[in-house]
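Start at 1 with the first residue, then count along the sequence.
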Amino acid sequence: MTQIQTMTNPELNRALAELMGCKVVKVSEGEFAYELQDSSGHCINTDGRGWESEQYAWAGAPDYCTDPAASLEVQSAAIAKDADAYVQNLAIVKWGQPDEDVEDTAVWNKTMRYSIAELLTARPRERAEAAYITMQGVK
C-alpha cells in the first residue's frame, strides 16, 4: 500500500482511468492528434479538442482523487468487482493495518455501525486509493 500512498493524484488518476478502461488514441495527424477515450470509445476531453501528446491527453482523465462524483464512480466499479475487498481496503486506507483483534467477529459487530458510518465519509482520495487497491489486486 505504501506504493499507492506515494503516488501523486495525477498518477493515481491515470492508473484508475486505465483500470476503468480508458485509453489514449491517436485520432489524426497534426498538432492535436491524441484524445482520451472511455471504455466505450467516446472522447472524454471536456472541450472536444485533441491533445498534443499522450501525456497531455492523460491529464484529461477523471479526477478520482479530489472530485467526489468521480470518486463515487470508481468506488462503484471497485464494489462491483469485489465489495468485501473494497470495504476492507477502504478501512485499511482510512485507519491503517488492522490490529489482530479486528478480525474478531464480536469486535467487528460491536463497532460495525459506527465504522461503516465513518467509511461513508471517506475523502475522494481515500476512495480512489481503496478502489485502486481493489481493482489492481495490490496491498
Side-chain angles (χ1 to χ4, degrees):
M1 185 161 96
T2 304
Q3 173 194 4
I4 296 151
Q5 292 171 326
T6 61
M7 292 173 87
T8 64
N9 285 355
E11 290 170 338
L12 183 55
N13 286 334
R14 178 181 174 164
L16 284 166
E18 289 174 340
L19 289 169
M20 295 286 286
C22 294
K23 61 186 175 197
V24 172
V25 177
K26 186 171 183 177
V27 293
S28 67
E29 297 298 324
E31 188 176 356
F32 299 102
Y34 297 90
E35 72 179 20
L36 182 62
Q37 296 179 353
D38 64 15
S39 61
S40 300
H42 297 101
C43 177
I44 58 174
N45 296 351
T46 56
D47 61 4
R49 70 176 179 86
W51 298 92
E52 297 170 346
S53 69
E54 287 187 49
Q55 179 181 354
Y56 288 129
W58 279 115
D63 189 356
Y64 301 111
C65 295
T66 61
D67 178 9
S71 72
L72 290 172
E73 177 186 337
V74 77
Q75 175 179 266
S76 294
I79 289 170
K81 179 173 180 165
D82 189 337
D84 184 55
Y86 177 76
V87 171
Q88 188 172 35
N89 290 326
L90 183 57
I92 291 169
V93 167
K94 279 193 73 67
W95 303 312
Q97 290 293 333
D99 295 328
E100 290 185 29
D101 66 348
V102 171
E103 299 298 324
D104 181 6
T105 305
V107 172
W108 176 252
N109 287 336
K110 182 176 180 184
T111 60
M112 183 173 54
R113 289 184 304 236
Y114 298 106
S115 298
I116 290 173
E118 191 171 342
L119 288 175
L120 292 174
T121 63
R123 295 184 325 267
R125 173 70 193 215
E126 292 169 333
R127 286 190 209 111
E129 287 182 18
Y132 178 80
I133 294 166
T134 303
M135 295 170 73
Q136 185 67 17
V138 299
K139 294 260 180 192

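Between Lys81 and Met135, the shortest heavy-atom distance links the atoms NZ-O, 2.9 Å. Heavy-atom minimum distance, Met20 versus Glu73: CE-OE2, 3.6 Å. For the residue pair Arg125 and Ile4, the shortest heavy atom distance occurs at NH2-O, 3.2 Å. Minimum interatomic distance between Thr6 and Gln3 (heavy atoms only, all atoms of both residues): OG1-O, 2.9 Å. Nearest heavy-atom pair across Asp82 and Ala85 is OD1-N, 3.0 Å. When all heavy atoms are compared, the tightest approach of Arg127 to Ser71 is NH1-OG, 2.5 Å.
For the pair Asn13 (side chain) and Asn9 (backbone), a donor-acceptor distance under 3.5 Å is present. In this structure, the side chain of Glu126 engages the main chain of Arg123 through a donor-acceptor pair within 3.5 Å. Although no hydrogens or angles enter the test, the distance criterion places no donor-acceptor pair under 3.5 Å between the side chain of Lys26 and the main chain of Ala33. Of the possible polar contacts, none joining the Gln136 side chain to the Ile133 backbone as a donor-acceptor pair under 3.5 Å is found.
Counting Ile, Leu, Val, Met, Phe, Trp and Tyr side chains that sit under 4.5 Å apart, directly or through other members, Leu72 stands alone, with no cluster partners.
Note on Val87: it clusters hydrophobically with Ile79, by side-chain heavy-atom contacts below 4.5 Å among ILVMFWY residues. Residues Phe32 and Ile44 do not share a hydrophobic cluster, defined by chaining ILVMFWY side chains whose heavy atoms lie under 4.5 Å apart.
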Show me the donor-acceptor pairs within less than 3.5 Å that the side chains of residues 52-62 make with the rest of the protein, sequence neighbours left out.
from, atom 1, to, atom 2, distance (Å)
Ser53, OG, Gln55, N, 3.4
Ser53, OG, Tyr56, N, 3.2

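Lys23 NZ to Ser39 OG: the interatomic distance, rounded to the nearest 0.5 Å, is 9.0 Å. Note: Tyr64 OH to Leu12 CG = 10.0 Å, rounded to the nearest 0.5 Å.
Leu119 is listed as a side-chain neighbour of Trp95, based on a closest heavy-atom distance under 4.5 Å. Between Pro124 and Cys65 there is no side-chain heavy-atom pair separated by less than 4.5 Å. No side-chain heavy atom of Val27 sits under 4.5 Å from any side-chain heavy atom of Tyr34. Counting only heavy atoms from C-beta outward, the side chains of Gln5 and Glu129 approach each other to under 4.5 Å.
In this model, a donor atom of one side chain and an acceptor atom of the other lie less than 3.5 Å apart for Asn89 and Thr134. A donor-acceptor contact closer than 3.5 angstrom links the side chains of Glu35 and Gln37.
More than 12 heavy atoms of other residues, nucleotides or ligands shown are found within 6.0 angstrom of NZ on Lys94.
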Is there a side chain to side chain contact (heavy atoms under 4.5 Å, CB included) between Leu36 and Cys43? Walk through the geometry before answering. CA-CA 6 Å; Leu36 182 62; Cys43 177; over 6 Å; no

